[in-house]
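Hydrogens, waters and symmetry mates are skipped; everything else that's a heavy atom, side chains included, is used. Sequence lines set the chain letters: A, B, ... in the order given, protein chains first and strands last, and positions in each chain run from 1.
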Protein chains: 2
Amino acid sequence: MICSKEDPNLTEKVTQRLQGQKGRMTGQRRLILETLESLPGHPTAEDIFLRVREVAPHLNLSTVYRMLRWLQKEGLITVRVFSENERQDRFDPNLTTEHFHFVCQRCKQIIEFDEPSPASAIIADFEKNNSARVENVGLVLHGLCRDCLSQE
Amino acid sequence: MICSKEDPNLTEKVTQRLQGQKGRMTGQRRLILETLESLPGHPTAEDIFLRVREVAPHLNLSTVYRMLRWLQKEGLITVRVFSENERQDRFDPNLTTEHFHFVCQRCKQIIEFDEPSPASAIIADFEKNNSARVENVGLVLHGLCRDCLSQE
DNA sequence: TCCTTACTGCAAATCATTTGCAATAGTATA
DNA sequence: TATACTATTGCAAATGATTTGCAGTAAGGA
(Lines give C-alpha, C1' and ligand atoms only; values in the text may rest on other atoms or scores of the structure.)
Protein backbone atom coordinates (compact mmCIF):
# COMPACT_ATOMS: atom_id res chain seq x y z
CA MET A 1 0.00 0.00 0.00
CA ILE A 2 1.38 3.35 -1.02
CA CYS A 3 0.54 6.09 1.45
CA SER A 4 -0.17 9.62 0.33
CA LYS A 5 0.36 12.83 2.19
CA GLU A 6 -2.81 13.82 3.95
CA ASP A 7 -2.04 16.77 6.18
CA PRO A 8 -2.42 19.91 4.12
CA ASN A 9 -0.61 22.42 6.21
CA LEU A 10 2.95 22.13 7.31
CA THR A 11 3.40 25.87 6.82
CA GLU A 12 0.70 26.64 9.31
CA LYS A 13 2.14 24.29 11.88
CA VAL A 14 5.53 25.91 11.48
CA THR A 15 4.10 29.40 11.81
CA GLN A 16 2.64 28.40 15.15
CA ARG A 17 5.93 26.93 16.38
CA LEU A 18 7.76 30.07 15.36
CA GLN A 19 5.48 32.31 17.41
CA GLY A 20 6.51 30.57 20.60
CA GLN A 21 10.23 31.07 20.00
CA LYS A 22 11.15 34.52 18.67
CA GLY A 23 11.08 32.97 15.18
CA ARG A 24 10.12 34.66 11.92
CA MET A 25 8.14 33.30 9.02
CA THR A 26 10.10 34.51 6.03
CA GLY A 27 9.44 34.20 2.33
CA GLN A 28 12.25 31.70 1.98
CA ARG A 29 10.87 29.50 4.70
CA ARG A 30 7.40 29.58 3.23
CA LEU A 31 8.80 28.52 -0.12
CA ILE A 32 10.86 25.70 1.29
CA LEU A 33 7.91 24.39 3.25
CA GLU A 34 5.57 24.50 0.30
CA THR A 35 8.13 22.74 -1.85
CA LEU A 36 8.70 20.08 0.76
CA GLU A 37 4.99 19.40 0.84
CA SER A 38 4.56 19.38 -2.89
CA LEU A 39 7.44 17.11 -3.81
CA PRO A 40 6.48 13.45 -3.88
CA GLY A 41 8.33 10.91 -1.78
CA HIS A 42 11.44 11.71 0.17
CA PRO A 43 13.34 14.56 -1.38
CA THR A 44 16.95 15.40 -0.72
CA ALA A 45 18.02 18.90 0.22
CA GLU A 46 19.18 19.31 -3.33
CA ASP A 47 15.82 18.23 -4.76
CA ILE A 48 14.17 20.94 -2.72
CA PHE A 49 16.84 23.47 -3.58
CA LEU A 50 16.55 22.91 -7.33
CA ARG A 51 12.78 23.24 -7.23
CA VAL A 52 12.83 26.33 -5.06
CA ARG A 53 15.44 27.92 -7.30
CA GLU A 54 13.03 27.95 -10.22
CA VAL A 55 11.00 30.53 -8.35
CA ALA A 56 13.65 32.18 -6.19
CA PRO A 57 17.00 32.12 -7.95
CA HIS A 58 18.84 33.73 -5.06
CA LEU A 59 17.76 31.34 -2.38
CA ASN A 60 20.79 29.52 -1.08
CA LEU A 61 21.35 25.84 -0.46
CA SER A 62 22.49 26.53 3.08
CA THR A 63 19.19 28.20 3.79
CA VAL A 64 17.48 25.00 2.72
CA TYR A 65 19.69 22.95 5.01
CA ARG A 66 19.15 25.34 7.92
CA MET A 67 15.40 25.07 7.57
CA LEU A 68 15.46 21.29 7.23
CA ARG A 69 17.60 20.91 10.35
CA TRP A 70 15.25 23.15 12.25
CA LEU A 71 12.27 21.09 11.15
CA GLN A 72 14.12 17.97 12.22
CA LYS A 73 14.87 19.41 15.63
CA GLU A 74 11.21 20.34 15.99
CA GLY A 75 10.17 16.80 15.11
CA LEU A 76 8.22 17.96 12.08
CA ILE A 77 10.23 15.95 9.59
CA THR A 78 12.30 12.79 9.79
CA VAL A 79 15.71 12.35 8.28
CA ARG A 80 16.43 9.04 6.64
CA VAL A 81 19.32 7.31 5.00
CA PHE A 82 17.93 4.62 2.78
CA SER A 83 21.07 2.90 1.70
CA GLU A 84 24.77 2.89 2.00
CA ASN A 85 26.17 4.36 -1.20
CA GLU A 86 23.47 6.99 -1.24
CA ARG A 87 25.05 9.69 0.73
CA GLN A 88 22.46 12.43 0.65
CA ASP A 89 20.00 12.65 3.49
CA ARG A 90 16.38 12.27 2.53
CA PHE A 91 13.72 14.27 4.32
CA ASP A 92 10.39 12.75 5.09
CA PRO A 93 7.63 15.14 6.14
CA ASN A 94 5.78 13.49 9.01
CA LEU A 95 2.49 13.88 7.25
CA THR A 96 1.27 10.35 7.50
CA THR A 97 1.28 8.04 10.44
CA GLU A 98 4.25 5.74 10.98
CA HIS A 99 5.30 3.94 7.87
CA PHE A 100 8.19 1.92 6.53
CA HIS A 101 10.05 1.84 3.23
CA PHE A 102 11.01 -0.47 0.43
CA VAL A 103 13.82 0.64 -1.85
CA CYS A 104 14.14 -0.99 -5.25
CA GLN A 105 17.76 -1.86 -5.83
CA ARG A 106 17.46 -1.41 -9.54
CA CYS A 107 15.20 1.58 -10.22
CA LYS A 108 15.68 3.17 -6.79
CA GLN A 109 12.01 3.90 -6.32
CA ILE A 110 10.85 4.05 -2.74
CA ILE A 111 7.57 2.40 -1.80
CA GLU A 112 6.00 3.25 1.54
CA PHE A 113 4.04 0.69 3.45
CA ASP A 114 2.90 -0.11 6.93
CA GLU A 115 2.75 -3.39 8.78
CA PRO A 116 1.57 -2.42 12.22
CA SER A 117 1.11 -5.81 13.80
CA PRO A 118 4.30 -7.74 13.03
CA ALA A 119 6.29 -4.58 13.71
CA SER A 120 4.72 -4.10 17.09
CA ALA A 121 5.43 -7.73 17.86
CA ILE A 122 9.10 -7.10 17.21
CA ILE A 123 9.12 -4.02 19.38
CA ALA A 124 7.22 -5.64 22.22
CA ASP A 125 9.54 -8.65 22.21
CA PHE A 126 12.62 -6.53 22.20
CA GLU A 127 11.40 -4.34 25.01
CA LYS A 128 10.49 -7.35 27.10
CA ASN A 129 13.76 -9.20 26.52
CA ASN A 130 15.96 -6.19 27.10
CA SER A 131 14.02 -4.05 29.56
CA ALA A 132 14.50 -1.25 27.09
CA ARG A 133 12.17 1.36 25.64
CA VAL A 134 11.82 1.67 21.89
CA GLU A 135 11.11 5.20 20.71
CA ASN A 136 11.16 4.67 17.00
CA VAL A 137 11.56 2.07 14.35
CA GLY A 138 13.39 2.26 11.07
CA LEU A 139 12.49 -0.57 8.78
CA VAL A 140 13.88 -0.52 5.28
CA LEU A 141 13.52 -3.39 2.85
CA HIS A 142 15.72 -3.65 -0.20
CA GLY A 143 14.91 -5.71 -3.23
CA LEU A 144 13.31 -5.65 -6.65
CA CYS A 145 9.99 -4.00 -7.29
CA ARG A 146 7.29 -5.53 -9.45
CA ASP A 147 8.41 -3.81 -12.64
CA CYS A 148 12.10 -4.55 -12.27
CA LEU A 149 11.30 -8.12 -11.33
CA SER A 150 9.35 -8.62 -14.53
CA GLN A 151 12.30 -7.38 -16.58
CA GLU A 152 14.69 -9.90 -15.05
CA MET B 1 19.76 -11.39 23.11
CA ILE B 2 23.18 -10.18 22.20
CA CYS B 3 24.80 -12.18 19.45
CA SER B 4 28.53 -12.79 19.38
CA LYS B 5 30.77 -13.42 16.43
CA GLU B 6 31.06 -17.12 15.84
CA ASP B 7 32.91 -17.68 12.60
CA PRO B 8 36.60 -17.62 13.36
CA ASN B 9 38.06 -17.11 9.96
CA LEU B 10 37.30 -14.20 7.74
CA THR B 11 40.93 -14.07 6.60
CA GLU B 12 40.74 -17.58 5.26
CA LYS B 13 37.52 -16.88 3.40
CA VAL B 14 39.08 -13.83 1.81
CA THR B 15 42.21 -15.71 0.80
CA GLN B 16 40.03 -18.17 -1.07
CA ARG B 17 38.10 -15.43 -2.85
CA LEU B 18 41.32 -13.75 -3.85
CA GLN B 19 42.66 -16.88 -5.52
CA GLY B 20 39.76 -16.92 -7.95
CA GLN B 21 40.34 -13.34 -9.11
CA LYS B 22 44.00 -12.45 -9.62
CA GLY B 23 43.95 -10.99 -6.10
CA ARG B 24 46.81 -10.88 -3.59
CA MET B 25 46.72 -11.47 0.13
CA THR B 26 48.95 -8.73 1.45
CA GLY B 27 50.14 -7.94 4.95
CA GLN B 28 47.91 -4.88 5.06
CA ARG B 29 44.86 -6.88 4.11
CA ARG B 30 45.61 -9.53 6.69
CA LEU B 31 45.90 -6.86 9.37
CA ILE B 32 42.71 -5.11 8.40
CA LEU B 33 40.80 -8.40 8.39
CA GLU B 34 42.11 -9.46 11.78
CA THR B 35 41.26 -6.09 13.21
CA LEU B 36 37.78 -6.17 11.76
CA GLU B 37 37.23 -9.53 13.40
CA SER B 38 38.68 -8.54 16.73
CA LEU B 39 36.87 -5.25 17.20
CA PRO B 40 33.54 -5.64 18.96
CA GLY B 41 30.36 -4.39 17.38
CA HIS B 42 30.24 -2.36 14.23
CA PRO B 43 33.41 -0.37 13.78
CA THR B 44 33.83 2.60 11.48
CA ALA B 45 36.68 2.77 8.97
CA GLU B 46 38.39 5.11 11.38
CA ASP B 47 38.05 2.68 14.30
CA ILE B 48 39.79 0.05 12.24
CA PHE B 49 42.38 2.49 10.97
CA LEU B 50 43.35 3.68 14.45
CA ARG B 51 43.69 0.16 15.74
CA VAL B 52 45.71 -1.03 12.75
CA ARG B 53 47.97 1.98 13.03
CA GLU B 54 49.21 0.86 16.43
CA VAL B 55 50.89 -2.04 14.70
CA ALA B 56 51.51 -0.63 11.23
CA PRO B 57 52.04 3.13 11.43
CA HIS B 58 52.36 3.54 7.66
CA LEU B 59 49.14 1.86 6.72
CA ASN B 60 46.90 4.41 5.09
CA LEU B 61 43.25 5.17 5.71
CA SER B 62 42.48 4.83 2.03
CA THR B 63 43.82 1.29 2.11
CA VAL B 64 41.33 0.55 4.86
CA TYR B 65 38.50 1.99 2.81
CA ARG B 66 39.58 0.11 -0.29
CA MET B 67 39.55 -3.18 1.56
CA LEU B 68 36.23 -2.50 3.21
CA ARG B 69 34.60 -1.66 -0.13
CA TRP B 70 35.99 -4.82 -1.64
CA LEU B 71 34.60 -6.88 1.22
CA GLN B 72 31.27 -5.16 0.74
CA LYS B 73 31.26 -5.94 -2.96
CA GLU B 74 32.06 -9.56 -2.17
CA GLY B 75 29.17 -9.71 0.28
CA LEU B 76 31.46 -10.54 3.18
CA ILE B 77 30.53 -7.49 5.22
CA THR B 78 27.50 -5.26 5.39
CA VAL B 79 27.59 -1.50 5.49
CA ARG B 80 25.15 0.20 7.79
CA VAL B 81 24.09 3.67 8.70
CA PHE B 82 22.53 3.55 12.11
CA SER B 83 21.31 7.06 12.44
CA GLU B 84 21.09 10.36 10.73
CA ASN B 85 23.64 12.68 12.34
CA GLU B 86 26.16 9.89 12.49
CA ARG B 87 27.84 10.28 9.19
CA GLN B 88 30.45 7.56 9.24
CA ASP B 89 29.61 4.22 7.72
CA ARG B 90 29.73 1.27 10.10
CA PHE B 91 30.94 -2.11 8.91
CA ASP B 92 29.34 -5.28 10.11
CA PRO B 93 31.21 -8.53 9.44
CA ASN B 94 28.64 -11.07 8.32
CA LEU B 95 29.78 -13.52 10.93
CA THR B 96 26.45 -14.30 12.46
CA THR B 97 23.21 -15.07 10.79
CA GLU B 98 20.85 -12.23 9.96
CA HIS B 99 20.31 -9.90 12.83
CA PHE B 100 18.88 -6.49 13.57
CA HIS B 101 20.01 -3.58 15.71
CA PHE B 102 18.89 -1.42 18.55
CA VAL B 103 20.72 1.87 19.05
CA CYS B 104 20.48 3.54 22.43
CA GLN B 105 19.80 7.22 21.88
CA ARG B 106 21.62 8.20 25.03
CA CYS B 107 24.71 5.98 25.39
CA LYS B 108 24.87 5.06 21.69
CA GLN B 109 25.47 1.39 22.40
CA ILE B 110 24.28 -1.00 19.72
CA ILE B 111 22.48 -4.16 20.75
CA GLU B 112 22.05 -6.90 18.18
CA PHE B 113 19.01 -9.12 18.20
CA ASP B 114 16.99 -11.32 15.93
CA GLU B 115 13.27 -11.73 15.55
CA PRO B 116 12.92 -14.16 12.71
CA SER B 117 9.21 -14.76 12.71
CA PRO B 118 7.63 -11.31 12.85
CA ALA B 119 10.23 -10.08 10.42
CA SER B 120 9.45 -12.80 7.93
CA ALA B 121 5.78 -11.97 8.31
CA ILE B 122 6.55 -8.40 7.28
CA ILE B 123 8.57 -9.54 4.31
CA ALA B 124 6.03 -12.11 3.16
CA ASP B 125 3.21 -9.57 3.39
CA PHE B 126 5.10 -6.98 1.48
CA GLU B 127 6.11 -9.38 -1.26
CA LYS B 128 2.55 -10.59 -1.63
CA ASN B 129 0.97 -7.13 -1.69
CA ASN B 130 3.49 -5.67 -4.08
CA SER B 131 4.59 -8.60 -6.24
CA ALA B 132 8.10 -7.62 -5.29
CA ARG B 133 11.10 -9.56 -4.10
CA VAL B 134 12.79 -8.57 -0.86
CA GLU B 135 16.53 -9.24 -0.83
CA ASN B 136 17.42 -7.83 2.54
CA VAL B 137 15.98 -6.18 5.58
CA GLY B 138 17.35 -3.35 7.61
CA LEU B 139 15.64 -3.00 10.92
CA VAL B 140 16.98 -0.48 13.37
CA LEU B 141 15.23 0.39 16.60
CA HIS B 142 16.08 3.56 18.47
CA GLY B 143 15.31 4.11 22.11
CA LEU B 144 16.70 3.84 25.61
CA CYS B 145 18.54 0.77 26.81
CA ARG B 146 18.00 -0.78 30.23
CA ASP B 147 20.78 1.18 31.92
CA CYS B 148 19.88 4.55 30.50
CA LEU B 149 16.23 3.91 31.24
CA SER B 150 17.02 3.29 34.90
CA GLN B 151 18.85 6.60 35.12
CA GLU B 152 15.88 8.57 33.80
C1' DT C 1 8.43 54.58 10.76
C1' DC C 2 12.13 52.93 13.50
C1' DC C 3 14.82 49.36 16.04
C1' DT C 4 16.18 45.22 17.29
C1' DT C 5 18.01 41.01 16.04
C1' DA C 6 16.67 36.76 13.49
C1' DC C 7 17.57 35.28 9.00
C1' DT C 8 19.96 35.13 4.63
C1' DG C 9 23.53 34.80 0.97
C1' DC C 10 28.01 34.01 0.19
C1' DA C 11 32.37 32.03 0.58
C1' DA C 12 35.16 29.29 3.04
C1' DA C 13 35.57 25.32 6.24
C1' DT C 14 34.69 20.67 7.57
C1' DC C 15 34.16 15.74 7.41
C1' DA C 16 33.90 11.26 5.35
C1' DT C 17 35.19 9.06 1.48
C1' DT C 18 37.32 8.44 -3.16
C1' DT C 19 40.76 8.77 -6.79
C1' DG C 20 45.17 9.52 -9.69
C1' DC C 21 49.63 8.31 -9.84
C1' DA C 22 54.22 6.80 -9.06
C1' DA C 23 56.51 3.55 -6.13
C1' DT C 24 56.28 -1.06 -3.98
C1' DA C 25 55.71 -5.80 -3.41
C1' DG C 26 53.08 -10.45 -4.25
C1' DT C 27 53.34 -14.37 -7.08
C1' DA C 28 53.70 -16.98 -11.29
C1' DT C 29 57.12 -18.38 -14.31
C1' DA C 30 61.54 -19.27 -16.18
C1' DT D 1 66.26 -18.33 -6.87
C1' DA D 2 65.96 -14.45 -9.89
C1' DT D 3 62.76 -11.93 -13.06
C1' DA D 4 58.83 -9.87 -14.85
C1' DC D 5 54.20 -8.64 -14.57
C1' DT D 6 50.76 -6.04 -12.51
C1' DA D 7 47.83 -5.71 -8.25
C1' DT D 8 48.20 -3.02 -4.34
C1' DT D 9 49.81 0.70 -1.58
C1' DG D 10 50.90 5.45 0.29
C1' DC D 11 50.40 9.95 -0.47
C1' DA D 12 48.28 14.05 -1.76
C1' DA D 13 44.78 16.09 -3.94
C1' DA D 14 39.83 15.80 -5.37
C1' DT D 15 35.11 15.10 -4.37
C1' DG D 16 30.48 15.62 -2.47
C1' DA D 17 27.41 16.59 1.20
C1' DT D 18 26.76 19.46 4.83
C1' DT D 19 28.01 23.22 8.11
C1' DT D 20 29.64 27.68 9.67
C1' DG D 21 31.34 32.71 10.17
C1' DC D 22 30.22 36.96 8.96
C1' DA D 23 28.38 41.15 7.20
C1' DG D 24 24.27 42.77 5.12
C1' DT D 25 19.03 42.39 4.91
C1' DA D 26 14.49 42.36 6.40
C1' DA D 27 10.57 40.61 9.80
C1' DG D 28 7.55 42.43 12.92
C1' DG D 29 6.88 44.63 17.51
C1' DA D 30 7.13 49.33 19.69
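OP1 and OP2 of C:dT8 both lie 4.0 Å or more from every side-chain N or O belonging to A:R66. Put simply, A:Q28 has a side-chain N or O that comes within less than 4.0 Å of OP1 or OP2 on C:dG9. Contact check, A:R24 against C:dT5: no side-chain N or O comes under 4.0 Å of OP1 or OP2. For D:dT8, neither phosphate oxygen OP1 nor OP2 lies less than 4.0 angstrom from any side-chain nitrogen or oxygen of B:T63.
Ring centers of B:F113 and B:F102: at least 6.0 Å apart, outside the cut-off. Checked against a 6.0 Å centroid threshold, the rings of A:H42 and A:F91 do not count as neighbours.
Residues B:F91 and A:L59 both approach DNA chain C. Their nearest nucleotides, taken by heavy-atom distance, put A:L59 toward the 5′ side. The nearest heavy atom of DNA chain D to B:N85 and to B:G23 marks one nucleotide each, and the one closer to the 5' end goes with B:G23. Nearest-nucleotide assignment on DNA chain C puts the 5′-proximal partner with B:T44, out of B:T44 and B:M25.
In this structure, B:M67 places its CE atom 15 Å from P of C:dG26, rounding to the nearest Å. When the C1' atom of C:dA16 is taken as reference, atom CD1 of B:I48 falls 14 Å away, rounded to whole Å. In this structure, the CZ atom of B:F49 is 15 Å from the P atom of C:dT18, given to the nearest Å. In this structure, B:I32 places its CD1 atom 10 Å from C1' of D:dT9, rounding to the nearest Å. When the P atom of D:dA17 is taken as reference, atom CD of A:E86 falls 10 Å away, rounded to whole Å. Distance CZ (B:R90) to P (C:dC15): 17 Å, rounded to an integer number of Å. For the pair B:H58 NE2 and C:dA25 C1', the interatomic distance rounds to 15 Å; values are reported in whole Å. A:N60 places its CG atom 15 Å from the P atom of D:dT25, with the value rounded to the nearest Å.
In this structure, the separation between CZ on A:R66 and CG on A:L71 is 14.0 Å, given to the nearest 0.5 Å. If you take CD1 on A:I122 and CG on B:D114, they are separated by 10.5 Å, rounding to the nearest 0.5 Å.
Across all strands shown, B:G27 has no heavy atoms under 4.0 Å from either base or sugar-phosphate atoms. Among the protein residues, A:R29 comes within range of the sugar-phosphate backbone only, with heavy atoms under 4.0 Å from sugar or phosphate atoms but none that close to a base.
Distance from the side chain of A:S62 is smallest for C:dC10 among the nucleotides D:dC11, D:dA7, C:dC10.
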Give the C-alpha distance, both sets of side-chain angles, the deciding distance and a yes or no for side-chain hydrogen bond (donor to acceptor under 3.5 Å, both in side chains) between B:N60 and B:S62.
-> CA-CA 5 Å; B:N60 198 274; B:S62 58; 2.9 Å; yes

